Amino acid sequence: MALVDRLEAGEVLFTQFSTIPDPLVAELLATTALDSVTLDAQHGGHTDASILRCAAPIIAAGKHVGVRIPVGRWDLATTALDVGAEWVIAPVVSTPEMAGAFARAVKFTPIGERSWGPNIALRRHGLTPAQYQAEGNRRSLAFVMIETMLGYQNIDAILDVEGVDGIFIGNNDLSFDMTRGKSLEPMSPEVLRICEQCMKKARARGKYGAIFLTQIQFMRSYLEMGFQMFVGGLDSRALVDTGNRFVAEAKAEFRA
Ligand code: 3PY
Ligand code: MG
């Protein structure tokens, strides 16, 4: 089932950022209960080449590929879709102009200007060129990150951009910008209020919401706001945590 069909059906989905640009890591993440693995080319180590290589084992495991592109790398949005990504996330989208440029890279004509060449994607998804021609725009989801106060001020105009399918609230960056660099508090009441307002506007337009779930106890509130895509954990952090936990537990036993 395509990611868009699951979202349209109202499913709640879970994903994790992959920061280690290696197909084995992508393959292992895809064997977990996650619905989607999101290759991070903004803050993670992914590149055009690693996205090509890492998308394959994720799709082979029956999971959805997401890609977060670096700021303004609209060309990488097209590349990611061409190798099988179903959702692309553009960070720091603060104006409708940026949202429009991104959406045009994600969608074929008549909505956008994505160049035709999904030869790898259609084979990986078992689609004919005719099917991809008919379905490509619907199956290629453009999520813009709202993570500045300017983005929040422009939320109506950004959501009105044709081809924008959803918003991803960057609650860390948003809290940072809101306090002019003084604090990172993604769960502050002010950030939660903005999340709620943005999602109300998104849902009114039939658009989707994704969010970084740093504290599980906020899940219910986010669900009530209408978020459907939850991003949690980091492959790189898991490696570090495992080593540290092992040594801490062993030393505690030794000293006991
Ligand atoms: C943020 O919270 O700013 C993010 O970009 C989440 O990944
Ligand atoms: Mg961010």
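Everything quoted here is computed from the prediction, not taken from an experiment. Remember, it's 1-based here, ligands and their atoms both numbered in the order they're listed.
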Determine the interplanar angle of the Tyr222 and Phe230 rings, folded into 0 to 90°, and report it as parallel if under 30°, tilted if 30 to 60°, perpendicular if over 60°.
tilted
Evaluate the ring planes of Trp87 and Phe168, with Trp represented by its six-membered ring, and classify them as parallel (under 30°), tilted (30 to 60°) or perpendicular (over 60°).
parallel
So do the side chains of [X] and [Y] get within less than 4.5 Å of each other, counting heavy atoms only?
X	Y	answer
Val71	Gln42	yes
Leu3	Leu13	yes
Gln133	Phe108	no

Output, by chain and residue number, all protein N/O/S atoms separated from the Mg ion (ligand 2) by less than 2.8 Å.
Glu147 OE1, Asp173 OD2
Salt bridge flag under 4.0 Å for residues [X] and [Y]:
X	Y	value
Glu135	Arg138	yes
Arg73	Asp75	yes
Asp160	Lys201	no

If we only consider heavy atoms of [X], is any one of them less than 4.0 Å away from an atom in ligand 1?
X	answer
Arg68	yes
Gln42	no
Phe17	yes

Taking only heavy atoms of [X], which atoms of ligand 1 are found under 4.0 Å from at least one of them?
X	result
Asn171	1 (C), 2 (O)
Met145	4 (C), 5 (O)
Glu147	1 (C), 3 (O), 4 (C), 5 (O)
Asp173	1 (C), 2 (O), 3 (O)

Given 3.5 Å as the limit, does a donor-acceptor pair link the side chain of Asp235 with the main chain of Ser18, or not?
no
Kindly give the heavy-atom pair with the smallest separation between Asn172 and Pro186, and that separation in Å.
OD1-CG, 3.4 Å
Test your reading of the structure: does His43 have an N or O sitting under 3.5 Å from an N or O of ligand 1?
no
Which residue holds the protein heavy atom closest to atom 1 (C) of ligand 1, what is that atom called, and what is the gap in Å?
Gly170 CA, 3.4 Å
